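A short write-up of the structure that comes next.
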Amino acid sequence: MNIFTDIRSVVIAALDAMVADGALPPGLSFANVTAEPPRDAAHGDMATNAAMVLAKAAGKAPRDIADTLVARLVTNAQIETAEVAGPGFINLRLVESVWTGVVGEVVSAGEGYGRSDLGTGTKVNVEYVSANPTGPLHVGHTRGAVFGDALASLLDFAGYEVTREYYINDGGAQVDVLARSVYLRYLEAHGQEVAFEDGTYPGDYLKPVGEALKEKVGDAYLDKGEDVWLEDVRGFATEAMMVLIREDLAAIGVKMDRFYSEKSLYGTGRIEDAIEELKKRDLIYRGTLEAPKGKVPEDWEPREQTLFRSTAHGDDVDRPIMKSDGDWTYFAPDIAYHWDKISRGYDALIDVFGADHGGYVKRMKAAVSALSDGKVTLDIKLTQLVKLYKDGEPFKMSKRAGTFVTLRDVVDQVGSDVARFVMLTRKNDAPLDFDFAKAVEGSKDNPVFYVQYAHARTCSMMRSAEGLGAKPADTVNLEYAGELAIVRKIAEWPRLVEIAARTNEPHRIAFYLYELASEFNSFYSSGKEFPERKFVKEDDIPGTASKLPLVSAVRTVIANGLNVLGVTPAEEM
RNA sequence: GGCCCCGUAGCUCAGCGGAUAGAGCAACCGCCUCCUAAGCGGUAGGUCAUAGGUUCGACUCCUAUCGGGGCCGCCA
């Protein structure tokens with residue numbers, strides 16, 4: 001139930017009736033007619049722009065349309081008053097039973113309140129994290145993980161059929177580097193002195209992997225060349241890293257539906273198949289790219305390569321898919337991977353990348369557009385940098401200085417709930433300041449605690465009421481403006497879910513929850529000065545019972561929102 | 001040079017083409033003998049970077065310019 005779409009339907013029905021009796025000309029589009037919460041609550045409960053949107057096409061003054069529409073709207077049982085205001089808005093005030101109905105709806109729908117059928121019948125694949133399997137996840141990955149996971153949950157809540165997927169980059173040169181680094185640790189495990197030169201990973205996290213390798217193969221790889229051990233160690237090391245990464249993901253509450261290996265694309269003809277699809281569409285050719293303007297690499301020389309005509313699908317230049325030595329570029333398996341996703345029948349693909357992959361967006365979209373003949377949409381969400389602060393001071397990460405901040409560091413210090421919420425209180429494409437000190441602080445400065453606290457408070461109130469023997473009444477009794485303000489906010493929840501899902505912006509949920517908590521806390525506090533406004537009154541059990549549905553509804557909506565974000569709704573604090 | 005993102009209150013940021021642009025922090029003034037003060041109320045603070053355009057209506061869409069960041073052929 002979404003009262004905004006309900007009332008919009010009422011408005012549309014009234015407009016249809018006006019067309020039927022000649023008050024409006026036939027053939028008008030009502031697509032842009034909205035029913036929205038007004039910015040200023042003094043304007044009423046809801047406003048529609050119908051008269052202004054239709055005035056031009058109908059060849060009538062907004063005022064004339066509005067007057068006729070108002071006359072029809074007031075006959076609706078849900079509408080108390082309707083009046084024309086400003087440039088032609090129609091402000092609606094709804095009858096009180098609508099609001100008590102909303103509360104009843106929330107209570108009976110419970111965790112289903114706000115679920116939408118927006119995405120029903122649409123299959124979406126959300127690919128996120130996809131960090132190279134060469135080490136533990138760091139803070140940047142954490143943001144991508146949290147964002148992608150919340151987005152996936154949001155889309156699921158909005159009715160989409162969602163797959164959460166991780167693309168393992170286990171096919172490129174970085175895995176060779178990993179294997180060599182593990183080999184050094186292996187030698188070390190055998191008591192040899194080793195030096196980590198540039199181009200190897202010196203991190204301690206590979207020590208146990210080297211030891212595990214020793215356990216497995218004994219001294220078989222000692223004093224042997226890469227031709228003997230490289231391939232095996234590559235697989236062994238990648239496997240070990242993925243175990244590490246899965247643990248990291250679990251620590252922050254991320255569970256993937258599928259891990260997809262880049263390596264599985266090689267030697268199976270699948271890359272070739274995908275490229276063949278592009279060839280069929282005449283999008284592959286041999287050619288030479290021009291040097292990039294402005295900043296030209298020093299060793300630039302023109303070279304003939306195999307290119308994908310991505311410019312035919314909106315890219316700025318065509319892109320190489322094969323190196324001059326005949327190997328695939330990174331782009332080629334990526335094309336194959338997306339071709340695979342398309343073949344699996346998704347209607348929409350979403351990739352969550354770090355901002356440093358910004359240059360990759362157009363070519364990837366071009367590939368998906370080409371391979372699906374424009375039928376499958378690809379939305380790429382780039383997550384910006386996380387700037388770390390400790391005690392208000394910027395905190396620089398450096399692998400060399402050992403100040404490399406991992407996902408584990410974050411979770412260990414502030415916990416999964418806090419890390420997730422904080423990272424979702426910013427748009428994905430805005431940089432994020434993350435202050436360890438503030439994150440664990442229990443103050444209003446920290447939105448996590450504010451929202452959690454409001455939820456805990458509703459739980460506490462329900463417990464006290466139960467202790468008094470008060471059971472929630474069937475119908476809520478709404479007496480004060482502050483109570484109505486809370487209900488209005490609650491009524492916006494289903495609408496907000498749809499907006500957030502349509503724009504792929506889970507941060508809207510976090511901001512909404514803060515607003516709802518604020519509305520609730522505000523009215524709660526007025527109970528200090530006006531004891532009659534308290535929800536739980538020891539000397540008035542029926543009165544208490546008549547307020548409990550509202551308290552319960554607030555609890556439900558906050559819990560539903562936090563669940564979408566993957567944050568635990570705490571019952572006590 | 002090209003492409004992408006950002007520019008909104010002193011600071012950090014919200015804002016689905018709609019009315020007088022919002023919140024938190026910081027500043028100032030108030031409010032706690034318990035429905036969880038980890039809070040609440042109030043005051044002050046704005047040429048929404050700039051200039052055009054589209055529109056009944058622009059912080060929102062388009063174009064240009066300025067400023068900040070990122071990326072830019074065999075690295076993934």
Side-chain angles (χ1 to χ4, degrees), chain A residues 32 34 36 38-40 43 47 49 51-53 55-56 61-62 85-89 91 132 134 169 171-175 262 288-297 299-303 305 307 315-317 319-320 322-331 334 354-362 382 384-385 425-427 429-431 433 438 441-447 449-450 452-454 456-457 459-461 464-465 468 495-496 498-500 502-503 505 507-508 510-511 514-515 518 521-529 531 533-538 544 547 551 572-573:
Chain A
N32 293 327
T34 59
E36 299 178 311
R39 199 190 289 272
D40 186 344
H43 290 140
N49 60 358
M52 290 179 292
V53 172
K56 198 170 185 184
F89 285 101
N91 289 326
N132 289 343
T134 54
N169 292 119
Q174 78 282 4
V175 185
E262 177 193 355
T288 307
L289 289 174
E290 284 178 32
K293 290 179 178 160
K295 188 190 155 201
V296 181
D299 59 345
W300 171 269
E301 55 184 63
R303 240 181 237 115
Q305 292 169 301
L307 302 171
D315 202 356
D316 307 307
V317 293
R319 305 290 179 177
M322 200 178 262
K323 303 178 199 171
S324 51
D325 65 4
D327 281 354
W328 297 114
T329 63
Y330 176 76
F331 189 32
D334 242 1
D356 55 340
H357 286 61
Y360 217 66
V361 171
K362 283 195 177 183
L382 300 175
Q384 274 290 347
L385 293 176
T425 49
R426 206 101 311 172
K427 273 187 299 203
D429 47 15
D433 292 344
K438 264 188 192 165
E441 191 177 298
S443 77
K444 208 178 163 189
D445 207 5
N446 182 351
F449 281 87
Y450 190 73
Q452 289 271 39
Y453 195 72
R457 183 175 265 167
C459 292
S460 161
M461 291 163 75
S464 328
L468 294 173
R495 180 172 183 274
L496 185 104
E498 294 196 353
I499 291 172
R502 251 196 290 268
T503 52
E505 293 182 338
H507 75 274
R508 289 171 187 273
F511 282 93
Y514 188 87
E515 289 166 15
S518 177
N521 282 336
S522 171
F523 182 74
Y524 171 89
S525 296
S526 70
K528 299 272 179 248
E529 197 178 346
R533 296 190 190 172
K534 289 186 178 181
F535 293 116
V536 178
K537 301 191 202 61
E538 287 182 26
T544 300
K547 298 296 183 187
V551 178
E572 276 182 281
M573 293 182 78

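Because the structure is a prediction, the values reported are computed rather than measured. Chain letters run A, B, ... following the sequence lines, proteins first, then strands; residues in each count from 1. Below, all heavy atoms of this structure are taken into account, side chains as well, without hydrogens, waters or symmetry copies.
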Length of the [atom1]-[atom2] vector between [X] and [N], whole Å:
X	N	atom1	atom2	value
A:Q384	B:G68	CD	P	16 Å
A:D40	B:A21	CG	C1'	12 Å
A:F511	B:A14	CZ	C1'	5 Å
A:L307	B:C74	CG	C1'	12 Å
A:N521	B:A23	CG	P	16 Å
A:K528	B:C32	NZ	P	11 Å
A:D315	B:C71	CG	C1'	13 Å
A:N446	B:A38	CG	C1'	10 Å

Categorize [X] for me: base, sugar-phosphate, or nothing, with a 4.0 angstrom heavy-atom threshold over every strand shown.
X	value
A:V317	nothing
A:P62	nothing
A:G527	base
A:M573	base
A:A465	nothing
A:A355	sugar-phosphate
A:E515	nothing

With [atom1] as the reference atom in both, quote the distance from [N] to [M] in angstrom, rounded to an integer.
N	M	atom1	value
B:U20	B:C61	C1'	24 Å
B:A49	B:C13	P	15 Å
B:C29	B:U12	P	25 Å
B:G70	B:C25	P	32 Å
B:U33	B:C28	C1'	28 Å
B:G18	B:A58	P	11 Å
B:U54	B:G17	C1'	11 Å
B:A44	B:G39	P	24 Å

Please name the nucleotide paired to [N] by Watson-Crick or G-U wobble geometry with both distances under 3.5 Å, or report none.
N	result
B:C28	B:G42
B:A19	none
B:G73	none

With nearest nucleotides of RNA chain B determined for A:A430 and A:L385 from heavy-atom distances, which residue corresponds to the more 5′ nucleotide?
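Upstream on the strand: A:A430.
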Given that A:F331 and A:Q305 both sit by RNA chain B, which one's nearest nucleotide is further toward the 5' end?
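That would be A:Q305.
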Do we count A:Y453 as stacking onto B:G39 if the rule is ring centres under 5.5 Å and planes under 30°?
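By the stated criterion, A:Y453 and B:G39 do not stack.
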Does [X] make a side-chain N or O approach to OP1 or OP2 of [N] shorter than 4.0 Å?
X	N	result
A:S522	B:G41	yes
A:K427	B:C6	no
A:R319	B:C72	no
A:K56	B:U55	no
A:K323	B:A76	yes
A:Y450	B:C40	yes
A:S525	B:C40	no
A:H507	B:G15	yes
A:R303	B:G73	no
A:R508	B:C16	yes
A:Y360	B:A76	no

Using the rule given for side chain to side chain contact (heavy atoms under 4.5 Å, CB included), can you reason through A:F449 versus A:M573, listing the C-alpha separation, both sets of side-chain angles and the distance that settles it, and then say yes or no?
CA-CA 9 Å; A:F449 281 87; A:M573 293 182 78; 3.5 Å; yes
Less than 4.5 Å apart, any side-chain heavy atom of [X] and any of [Y]?
X	Y	value
A:Y524	A:K534	no
A:L496	A:E498	no
A:D327	A:M322	no

Counting side-chain heavy atoms from C-beta on, which of [options] comes nearest to [X]?
X	options	value
A:A173	B:A14, B:A76, B:U36	B:A76
A:P38	B:C74, B:A19, B:A76	B:A19
A:Y330	B:C5, B:A76, B:C74	B:A76
A:I499	B:G18, B:A76, B:C16	B:C16
A:K362	B:C3, B:G73, B:C71	B:C3
A:D433	B:A19, B:G73, B:C13	B:C13
A:E505	B:A19, B:G15, B:C74	B:G15
A:F535	B:U36, B:A19, B:C35	B:C35
A:H357	B:A76, B:A38, B:G15	B:A76
A:K534	B:C40, B:C35, B:U36	B:C35

Under 3.5 Å, is there any donor-acceptor pair linking the side chain of A:N91 to the base of B:A19?
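Yes, the side chain and the base share a sub-3.5 Å donor-acceptor pair.
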Less than 3.5 Å between a donor and an acceptor, one on the side chain of A:R502 and one on the base of B:C16, is that the case here?
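Side chain to base: no pair present.
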Give the ring-plane orientation class for A:Y360 versus A:F331, where under 30° counts as parallel, over 60° as perpendicular and anything between as tilted.
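A:Y360 vs A:F331 ring planes: perpendicular.
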Nearest heavy atoms of A:A510 and A:T425, plus distance in Å:
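Closest approach of A:A510 to A:T425, heavy atoms only: CB-CG2, 4.1 Å.
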How many angstroms lie between CD in A:Q305 and CZ in A:R319, if you round to the nearest 0.5 Å?
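Going from CD on A:Q305 over to CZ on A:R319, the span is 11.5 Å.
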Atom OG1 in A:T544, atom NZ in A:K537: separation rounded to 0.5 Å?
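Output value for this atom pair is 6.0 Å.
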Can you confirm whether the side chains of A:Y453 and A:N521 place a donor and an acceptor under 3.5 Å from each other?
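Note: A:Y453 and A:N521 side chains miss the donor-acceptor criterion.
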If you take the centroid of each ring, where Trp contributes its six-membered ring, are A:F523 and A:F535 closer together than 6.0 Å?
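Yes, they do, as the ring centres are separated by less than 6.0 Å.
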